[in-house]
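The next block holds one structure in the form of structure tokens; read it before the comments.
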Amino acid sequence: MHESNSPADKDSDRRPSGDRLEEESTQPGALPVAPGLGEAVDEAQADAEKEEPRVLTPREAILVDKRTVLVSALAIVVAAGAALLAQVLIALIRLVTNVAFFGKFSTAFSSPGSSNFGWPLLLLIPIVGGLIVGLIARFGSASIRGHGIPEVMERVLFGESRIRARLMLLKPLSAAVAIGTGGPFGAEGPIIATGGALGSIIGQILHVTADERKTLLAAGAAAGMAATFGTPVSAVLLAVELLLFEYHPRSLIPVALAAVMATAVHVAFDGGAPVFAVPDMAASRDTALISYVLLGALMGAIGVGITRIAYLIEDGFEVLGHRLKIHWMWWPTIGAVAVGICGILEPRTLGIGYSNITGAIGGSIVGRALIFLVILKFISWVFYLSSGTSGGTLAPLFTIGSGLGAWLGQILSSSAPSLGVSPGVAGLVGMAALFAGATHALLASIVFAFETTRQPMGLLPLLGGCSAAYLVSLLLSRESLMTEKLVRRGIRLRNAYTVDHLSNVLVRDVVENDVVSLNGSDTLADVRAWLTAGAGGATHQGFPVLDDDKRLVGVLTRRDLLDPARNSSDLVASLVRRQPAVVFDDSSLREAADHMVTQQVGRLPVVTRDNRRTVIGMISRSDLLSAHSPRLRAKHHLHRSTLTSTFIRKF
């Protein structure tokens with residue numbers, strides 16, 4: 001620790017305050033001051049001299065504030081708009097369907113599979129739809145290609161949640177054309193992307209932060225899903241697992257309120273009945289639960305396979321397009337050929353096909369017809385999606401998963417009735433487990449299956465099956481259907497959200513209390529000589545500078561002290577050019593780290609809240625890194641069981 005001699009007492013030559021004031025008051029133009037006021041004025045001046053200079057303290061983490069209330073209000077407005085856009089898109093899909101397959105101008109629901117057109121038109125209609133989608137993507141915006149969620153995720157992570165306004169118009173338009181002309185997609189994907197775009201646009205118009213804009217985007221996306229299915233809880237969970245990348249009140253509350261608002265709009269337009277109305281399910285016995293868990297594990301593996309096949313076909317379009325010089329604008333037209341062929345073989349593969357899900361779980365579609373539908377639906381969907389058209393993934397995955405699960409459940413029910421497996425429950429588990437395995441959205445998958453069927457007895461099988469699917473899919477592949485595209489663009493995502501370790505550790509728990517400080521009244525020559533001598537503490541990279549009363553003046557680094565442009569006769573205090581940035585001893589390491597980044601420094605003096613200019617320690621970036629050691633030990637170090645140790649000692 002380096003200290004300098006105390007300076008001469010500068011107050012020794014100071015004249016009495018009353019005499020000084022009297023003398024100053026007699027100067028020409030001076031305001032007369034009564035001698036009796038001299039002591040009072042002098043005391044006020046002394047207090048001003050003793051007033052502490054301002055130090056820069058860290059911004060403390062807060063859960064919610066007035067901005068949260070504002071963002072929540074904006075999220076409700078976004079949700080109302082997204083829900084109304086969802087209704088517009090659904091009506092637009094029905095309009096295109098009626099015009100294309102029935103030759104009538106109507107927004108009433110009609111299944112394209114019930115069209116009376118012959119096979120040439122059933123083949124031609126999807127091809128024309130693919131051509132229109134390609135033209136919209138080519139001359140409108142290429143961002144409409146795909147199901148939209150990976151693109152939204154990318155904008156959240158690396159684009160400050162900014163989405164172009166044209167996407168809010170072109171995405172639903174292209175989706176309506178693709179789905180209305182027989183595309184085997186659901187409306188939920190484009191609606192989620194459109195709702196997210198609406199939230200982003202409002203966030204760009206208003207004066208909000210990037211984090212608040214992300215919340216509005218997620219609120220719009222969750223509102224889109226809730227408005228489609230009437231599933232507010234799973235919509236919030238999907239936003240948390242795929243878009244927000246955090247579980248924090250400041251974002252969770254606005255998104256939850258948005259989901260409530262969107263569900264209210266859904267009920268107003270479509271009623272409160274479950275989307276997939278199926279017969280009531282009975283409680284599952286132990287052997288049946290084991291079967292559902294194994295079924296979920298199988299679905300997890302199939303989900304990984306579906307992801308790989310989808311991107312393999314997408315790569316095939318890339319390769320063929322490059323070799324044959326076919327612009328990507330034409331790829332949806334080529335992919336639509338598969339849609340038309342599958343539609344001719346099994347008309348129920350055309351369009352959204354929510355009735356197929358109800359039929360698989362409810363038992364109205366069974367046996368060979370069910371597995372035939374599943375296979376053709378998969379072929380139609382995977383080729384058309386991989387070609388770069390506009391459509392969703394949720395409904396196709398639900399159709400494939402429910403069909404496979406119900407089909408396997410039927411086999412087990414007939415071949416091993418003692419297991420007590422219900423084909424309906426197996427279909428429900430298959431639907432949710434396949435989605436969990438393909439997207440890695442575990443909680444959203446479980447709750448969605450419950451909210452869309454309102455079957456409480458299915459919750460336990462859903463929990464077991466989806467958890468097994470999630471486990472197997474993560475063991476087989478780190479990436480999901482939603483993240484694989486981002487990884488191919490060089491973006492790596494974390495699949496787990498944990499509490500920030502630095503937020504749970506206080507500064508006083510890691511701070512170094514042996515402070516090596518500099519006296520501000522020392523000359524730079526003295527300090528340089530001390531550094532050259534290599535005395536204890538002289539190897540530090542930063543030093544707090546104290547005044548003669550041991551109070552903080554600022555912080556200097558070795559570079560500041562050894563700067564050749566500085567005169568050796570300069571006082572150390574004269575080198576301080578900025579207000580000192582400090583951190584409290586009861587601040588978290590996260591607050592300290594953020595304060596370092598904000599102030600662009602590598603170390604901070606540690607002070608108490610009661611005395612902000614008395615340094616009790618120093619904390620550096622290396623201390624922040626060292627604080628992770630206990631976390632890493634807890635994660636990787638295996639401890640011998642105390643029971644095992646006791647057994648070994650005894651025997």
Side-chain angles (χ1 to χ4, degrees), residues 229-234 237 263 267 270-303 348 353-371 373-374 394-395 397-437 441-472:
F229 295 108
T231 54
V233 180
S234 56
L237 293 174
T263 304
V267 172
D270 302 316
V275 176
F276 306 136
V278 297
D280 290 340
M281 299 177 179
S284 302
R285 48 189 289 194
D286 51 357
T287 53
L289 285 174
I290 295 174
S291 301
Y292 298 140
V293 171
L294 295 176
L295 173 63
L298 176 61
M299 289 297 169
I302 293 175
R348 286 179 293 191
Y354 290 150
S355 59
N356 297 330
I357 300 173
T358 304
I361 299 176
S364 60
I365 308 177
V366 296
R368 294 181 179 178
L370 180 58
I371 194 63
L373 170 63
V374 168
L394 276 71
L397 288 175
F398 294 153
T399 302
I400 296 168
S402 62
L404 282 176
W407 181 68
L408 292 173
Q410 292 165 13
I411 294 176
L412 289 176
S413 178
S414 59
S415 61
S418 60
L419 293 177
V421 173
S422 167
V425 177
L428 183 65
V429 171
M431 175 183 78
L434 183 63
F435 185 71
L442 171 63
L443 297 178
S445 302
I446 297 171
V447 178
F448 176 85
F450 169 71
E451 287 186 305
T452 52
T453 60
R454 313 276 176 83
Q455 295 295 322
M457 293 303 173
L459 275 173
L460 191 57
L462 283 170
L463 181 61
C466 290
S467 298
Y470 188 46
L471 172 63
V472 171

Considering only distance and modelled atom types, tabulate donor-acceptor pairs under 3.5 Å from the side chains of residues 401-410, sequence neighbours left out.
residue, atom, partner, partner atom, Å
S402, OG, F398, O, 2.8
S402, OG, T399, O, 3.1
Q410, OE1, G367, N, 3.0

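L419 and T287 get closest at one heavy-atom pair: O-OG1, 2.8 Å. Contact between S467 and L463 at its shortest, heavy atoms only, is OG-O, 2.6 Å. What you find for Y292 and S422 is that their closest heavy atoms are OH-N, 2.9 Å. Heavy-atom minimum distance, A426 versus V421: CB-CG1, 4.4 Å. Between P461 and G458, the shortest heavy-atom contact is CD-O, 3.3 Å. The two residues F450 and Q455 make their nearest non-hydrogen contact at CD1-O, 3.6 Å.
Going from atom CG of L459 over to atom OG of S284 covers 11.0 Å, rounded to the nearest 0.5 Å. How far CD1 of I400 is from CG of L373: 9.5 Å, rounded to the nearest 0.5 Å. Atom-to-atom distance recorded for D280:CG and R454:CZ is 12.5 Å, nearest 0.5 angstrom. Considering OG1 of T453 and CG of L428, their distance stands at 5.0 Å, rounded to 0.5 Å. Between the CG atom in L462 and the CE atom in M431 there is a gap of 7.5 Å [rounded to 0.5 Å].
Listed by chain and residue number, V293, A297 satisfy the side chain to side chain contact (heavy atoms under 4.5 Å, CB included) test with A468 (two or more places apart in sequence, or in another chain). By the side-chain hydrogen bond (donor to acceptor under 3.5 Å, both in side chains) test, S234 pairs with T231, E451, sequence neighbours left out.
For the pair T263/F229, no side-chain contact is recorded, criterion being any heavy-atom separation below 4.5 Å from C-beta on. In this structure, the side chains of M281 and I361 come closer than 4.5 Å at one or more pairs of heavy atoms.
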